[in-house]
Amino acid sequence: MTDTAYPPISEQLDDLEFAREEGRRKMDWAAQHMPILESVREEFVANQPFEGERIGMAMHVEAKTAMLVETLAEGGAEVAVTGCNPLSTHDDVSAALDTHENITSYAKRGVDDEEYYAAIEAVIAHEPTITVDDGMDLVAAIHEDYPELIDGIVGGAEETTTGVHRLRAMDADGALEYPVFAVNDTPMKRLFDNVHGTGESSLASIAMTTNLSWAGKNVVVAGYGYCGKGVAKKAAGQNANVIVTEVEPRRALEAHMEGYEVMPMAEAAEVGDVFLTTTGNRDVIVEEHFEKMQDGVLLANAGHFDIEIDLEALDDLAVDRYEARDGVEAYELEDGRKLNVIAEGRLVNLAAPVSLGHPVEVMDQSFGVQAVCVREMLENGDQYDAGVHDVPDELDKEIAEIKLEAEGVDHDSLTDTQREYMDSWDHGT
Ligand code: RBV
């Protein structure tokens, strides 16, 4: 079944040698700032925990992800990888990965829907025993089109909020037929990747793409989950006036008590200068909002899929449409207002031409958890039934300890007396 119609990246690029060198240079830089993966990799190289396994991956194929892919391959796995977003792949990194004897990379930037899914199928044709997803496209394609492979799959791991959300819905329907770790839901992922990673990289990508300032702007953050919190905090730190929209009453209250303005999108639409969606839901900014927006606003999305801003409706309203800058599409309305959409409404921190994804340090943490989850699934897979599983807390702590040690940060431990106290119920006043 490994004979696939869709070719690896090495067969798709003109100047392959140059691409490989550039990709390797990006990976070398990332590697210098990824002490967790370095430590895990040393362990994997010594113990070869993945020998004989085939790992299928659909992730944002850029330099940091490449270090995860290599770490798994160095641990003995045969890895087939493709992208999880049509615009987030770095072709040079994909090409550099594809030179590894244990790795085949199908990821390519700018693919259309057909090529995107052909590449997913090419990964599946390797008959993976483990899947690592960012957004659940691999799990979905296997269940829908290749159910005969499920028996051979030990388990999987899922990187992102949207993927875990989809998996839980699938699990609730009784449709998920192998175990998958919810990597996104660990403290090491949520508290750092979702908050700091999304916050820093989304704002940096928008600033670099537009060359505009945050100071004094009204920045509307849709959704106050972990990602929204990060975006709001970092925007406030850049001297923006932050407005939050939220549907969940406790989160709305939390944003209010953090000092942000909270209001419905219908009101925020009138005053916002920049709109950034982080909800994971569809139709967050729609026609009635476009109609009220000021001339020149920026619209961007930091959620996994490009469904939060209704671009079809915006296109219908527009009398003209043109590329105002690299990564910025201006939609001109009948009354002359221009609304600027960044990165086609796709995951802005990865999909704009200048985007580099989350900072290296946070991805080291997230991918450290991914790596030990794959190890756990292979060592103890029989302990996990089909369905979504929380990552064992000890694994998450293991990654935190490696990072603290690398940073030279020492911390306290419980004494025996303290541990006993915390475990008992009979201490009163
Ligand atoms: N993400 N990956 C990167 N490789 O540069 N940046 C962000 C990268 C992940 C992040 O963990 C998030 O959960 C997911 O992308 C959304 O698709």
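Fair warning: this is a prediction, and the values are worked out from it, not measured in the lab. Positions are given from 1 along the sequence. Counting starts at 1 for both ligands and their atoms, following the listed order.
If you number the atoms of ligand 1 from 1 as listed, the ones under 4.0 Å from a heavy atom of Gly357 come out as 5 (O), 6 (N). Listed by number with element, the atoms of ligand 1 under 4.0 angstrom from any heavy atom of Thr65 are 4 (N). Every atom of ligand 1 is numbered from 1 in the order shown, and the set under 4.0 Å from a heavy atom of Leu356 is 5 (O).
Of the N and O atoms on the side chains of His358 and Asp193, at least one donor lies less than 3.5 Å from an acceptor on the other residue.
A salt bridge is absent between Lys26 and Glu62; no separation between the charged side-chain nitrogens and carboxylate oxygens falls under 4.0 Å. Between Glu158 and Arg166 there is no salt bridge, since no side-chain N of the basic residue sits under 4.0 Å from a carboxylate O of the acidic one. One finds a salt bridge joining Asp185 and Arg190 here, because a Lys/Arg side-chain nitrogen approaches an Asp/Glu carboxylate oxygen to under 4.0 Å.
Residue-environment remark: CZ (Arg282) stays at or below the threshold of 12 foreign heavy atoms within 6.0 Å.
Not less than 6.0 angstrom separates the ring centroid of His256 from the ring centroid of Tyr224.
Between Tyr6 and Tyr106, the ring planes lie tilted relative to each other; the angle falls in the 30° to 60° range. Relative ring orientation between Trp29 and His33 is described as tilted, the plane-to-plane angle lying within the 30° to 60° band.
If you check each of Asp193, Thr160, Val362 against atom 13 (O) of ligand 1, the one with the closest non-hydrogen atom is Thr160.
Distance from atom 1 (N) of ligand 1 to its nearest protein heavy atom, with residue and atom name: Met363 CE, 3.6 Å. Scanning the protein for heavy atoms near atom 11 (O) of ligand 1, the closest one is Glu159 OE2, 2.5 Å. Considering only non-hydrogen protein atoms, atom 6 (N) of ligand 1 sits nearest to His358 N, 3.0 Å. Summary of contacts: the protein heavy atom closest to atom 14 (C) of ligand 1 is Asp134 OD2, 3.2 Å. Regarding atom 8 (C) of ligand 1, its nearest protein heavy-atom neighbour is Glu62 OE2, 3.6 Å. What sits closest to atom 5 (O) of ligand 1 on the protein, heavy atoms only, is Lys64 NZ, 2.9 Å.
The backbone N or O of Glu114 lies less than 3.5 Å from a partner atom in the side chain of Asp112, making a donor-acceptor pair.
Ligand 1 has no N or O atom lying under 3.5 Å from any N or O atom of Thr161, backbone or side chain.
Not a single heavy atom of Met59 lies less than 4.0 angstrom from ligand 1.
Only the side chain of Leu350 comes within 4.0 Å of ligand 1, counting heavy atoms alone; its backbone N, CA, C and O stay farther away.
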